[in-house]
Amino acid sequence: MNLFRDFQTKIVAALEGMVANGALPAGLDFSRVAVEPPRDPAHGDLATNAAMVLAKPAGQPPRTLAAALVPVLTALPDVVAVDIAGPGFINLRLAENFWHRRLAAAIGAGDVYGRSSLGNGRKVNVEYVSANPTGPMHVGHGRGAAFGDALANLLDAAGFDVTREYYVNDAGAQVDALARSVHLRYREALGETIGAIPEGLYPGEYLCAVGVALAARDGRKWLNQPEDAWLPSILAFAVDAMMALIRSDLAGIGIEHAVFTSERGLVERGSVDAALLLLEGRGLIYTGTLEPPKGDKPDDWEPRPQTLFRATQFGDDTDRPLKKSDGSWTYFATDIAYHLDKFSRGFAVMIDVWGADHGGYVKRMKAAVAALSDGKAGLEVKLCQMVNLMNKGEPVKMSKRAGTFVTLRDVVDEVGKDVVRFIMLTRKNDQHLDFDLAKVTEQSKDNPVFYVQYAHARHRSVLRQAAAEFPNADFSDAALGGAELSRLRDPDEMAILRTLAQWPRVVETAAETHEPHRIAFYLHDLAAAFHALWTRGKDETSLRFIIAGDVAATRARLALARGVGLVVAAGLRIFGVKPLEEMR
RNA sequence: GCGCCCUUAGCUCAGUUGGAUAGAGCAUCGGCCUUCUAAGCCGAGGGUCACUGGUUCGAGUCCAGUAGGGCGCGCCA
């Protein structure tokens, strides 16, 4: 489906033919021969660097080599012109008919247009969100959620076997603090006066309902009991409640993970011991004393021997501790067990989506995965930068006291899930993102969500109008695919056809680079081309999508609109955004 | 102090994984509404791609260094 890939294959075959008949020396490496759209469409439809990358090994100047390639490339099907340009680029121009056939094929493929077999069914694990189960999701989590889910959809569209996963950090000091906080709210629910929430506990009012629910379930049995008696039970109850809250936040933006893995479960099953035993067997664990960190030194730093992982052998800057001073596992230790768990479930490709504040953790985790899998598995970490929540250009003060909203749910309630998801994907993951509540709901060109949705709604609108204009005509996709597309010849129309034909390549490139934002920019470009052509119809009635009294011409033009609608819908589907039928 | 990330038009950002004359939106200026939706479109101006070297046919892109910004640096996750 990716025409650039198709032509790359054809061109390499042609080059091999030249080797066979002696026009090129044997033993050339064709892997660097690329076929891409030229930056400037005026140069042609396809450009290849073949002559330039082969010049040196073939012992010929690039332009001489290019000249020898021209007749061979001219002979390829659908090629109507071949030019040599600049240092030795070869530009190919394809027949108009080729682009018409691509549109017909796209309409024929329908919803699967752009899907790829690039991944060849390989298993990929995408772990994202993994917010601590101690409260509702905030806006920053929302970015990781939208990003991770779009990346998963993208990899799925590119032919990978994707598992969406959430790691539940339900062990450690944070959830102990959660349990204590809930116990307080529980006492409050049973009529006690609890006063101010102590430092170190979670003060959020969302825990009041959890306390009430606990009182309803267990009555007064945890009153006046030592912490040891109630902590495990209340912790489990509280974590369940928080995960229910988070799942509901996720459902609010249309996200559902297939697998939830519990940190506590890993610890209780002995997975951490097993993982560390594995590393120990490979001589990667030892007892040693670390240098104190430079810069901001901890007040209570005392050198002491601890259990360390030889992360430096795998590119990390220092070896990393696995046990805290109280003997319990560090977060890193349980995370090692978790990634071994993923590996043992058959994932050689793991992608973790983290917040940028975890950047310092990447090297050691990659080191651990390399060590655990003996180099057979790879971990890629995508760090999502911060989201600056704005309103009309002013930063939103994140003050709970002032009642300004900070939770993801509040933002979704304010602007809608589709807007949140799309805007979160309009920047590369490693760039800061301004999320302006006023701007994202504005109906203007300034708002990319609106602009792209408008293109889809316009295509629907014109199809409705056409059906009213020609009540007896068949404008089904089957009919549009068979339209007389040779009527589409205007340069702007041809430009849209070429853009539509690039869609499969866009999907593959975005999937390979793990960069969903490329889809957003492509959709914006496609929408712009469509809006521009639409407006030209004001002056040139022959460019309108509905041509009065001419069903055949209308059908051809509707096919173009349908192609745009189809691809916009496909792109929005990857983002988990519902295409709009009308803008009202 | 060390590590990771970032630096492209006045502002917010893309840049097809090393290609040709570096692009878009906003803002500024100038045009287009008896219309299939003007919630839109067309055009103009605006650049030392932070800086200095290097790698090669070719560098915004890769490497090294410098400057500025962000994040992180045992007993949080």
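In what follows, every chain begins at residue 1, and chains take the letters A, B, ... in the order their sequences are listed. All values derive from a computational prediction rather than experimental measurement.
Every residue two or more places apart in sequence or in another chain that forms a side-chain hydrogen bond (donor to acceptor under 3.5 Å, both in side chains) with A:D317 is listed here: A:K363. For A:P38, the side-chain contact (heavy atoms from CB on, under 4.5 Å) criterion is met by A:H43, A:A47, not counting sequence neighbours. Residues passing the side-chain hydrogen bond (donor to acceptor under 3.5 Å, both in side chains) test with A:D319 are A:Y286, A:T312, sequence neighbours excluded. Considering only residues two or more places apart in sequence or on other chains, A:E508 meets the salt bridge (Lys or Arg N to Asp or Glu O under 4.0 Å) condition with A:R5. A:R498 pairs by the side-chain hydrogen bond (donor to acceptor under 3.5 Å, both in side chains) definition with A:D45, not counting sequence neighbours.
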Tabulate atom names and distances for all N/O pairs under 3.5 angstrom spanning the protein and nucleotides 4-6 of chain B.
| residue | atom | partner | partner atom | Å |
| --- | --- | --- | --- | --- |
| B:rC6 | OP1 | A:D430 | OD2 | 3.3 |
| B:rC6 | O3' | A:Q431 | NE2 | 3.4 |

Pull out every protein N or O sitting under 3.5 Å from an N or O of nucleotides 27-32 of chain B, one pair per line with the distance.
none

Review item, nucleotides 21-25 of chain B N/O atoms under 3.5 Å of protein N/O:
none

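Here, B:rA20 and B:rG15 have their C1' atoms 15 Å apart, quoted to the whole Å. Nucleotides B:rU12 and B:rG46 are separated by 16 Å at their C1' atoms, to the nearest Å. Taking the C1' atoms as reference points, B:rA59 lies 11 Å from B:rC49, given to the whole Å.
With 3.5 Å as the limit, one finds a donor-acceptor pair spanning the side chains of A:T513 and A:R518. Under 3.5 Å, the side chains of A:N91 and A:D83 contain no donor-acceptor pair of N or O atoms.
Atom CZ in A:R320 sits about 9 Å away from atom C1' in B:rG3, given to the nearest Å.
Cation-pi contact between A:K323 and A:W329: present, with separation from the ring centre below 6.0 Å and deviation from the ring axis of at most 45°.
As judged by a 4.0 angstrom heavy-atom cut-off over every strand, A:P321 is placed among residues touching the sugar-phosphate backbone only. A:R304 comes within contact range of at least one nucleobase, with a heavy-atom separation under 4.0 Å.
The phosphate of B:rG15 (OP1 or OP2) has a side-chain N or O of A:H517 nearer than 4.0 angstrom. An OP1 or OP2 oxygen of B:rA77 is reached within less than 4.0 angstrom by a side-chain nitrogen or oxygen of A:K324.
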Using a 3.5 Å cut-off and no angle test, enumerate the donor-acceptor pairs between side-chain atoms of residues 520-534 of chain A and protein atoms at least two apart in sequence or in another chain.
| residue | atom | partner | partner atom | Å |
| --- | --- | --- | --- | --- |
| A:Y522 | OH | A:T499 | O | 2.6 |
| A:H531 | ND1 | A:R458 | NH1 | 3.0 |
| A:H531 | NE2 | A:Y451 | O | 3.2 |

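Interatomic distance, A:I423 CD1 to A:D436 CG, rounded to the nearest 0.5 Å: 9.5 Å.
A donor-acceptor contact under 3.5 Å links the side chain of A:R505 to the base of B:rU16.
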**Report entry** Structure string for RNA chain B in dot-bracket form, Watson-Crick and G-U at under 3.5 Å, | interchain
**Finding:** (((((((..((((.....[...)))).(((((.......))))).....(((((..]....))))))))))))....
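Taking the six-membered ring where tryptophan is involved, the planes of A:Y338 and A:Y167 are essentially parallel, since the angle between them stays under 30° and well short of 60°.
Sorted pairs that involve residues 58-70 of chain A and meet salt bridge (charged side-chain N to carboxylate O under 4.0 Å, His left out), not counting sequence neighbours, are lacking altogether. Within the structure, side chain to side chain donor-acceptor pair (under 3.5 Å) contacts touching residues 550-562 of chain A (residues at least two apart or in different chains) are A:H459-A:R562, A:D477-A:R562, A:E493-A:R557.
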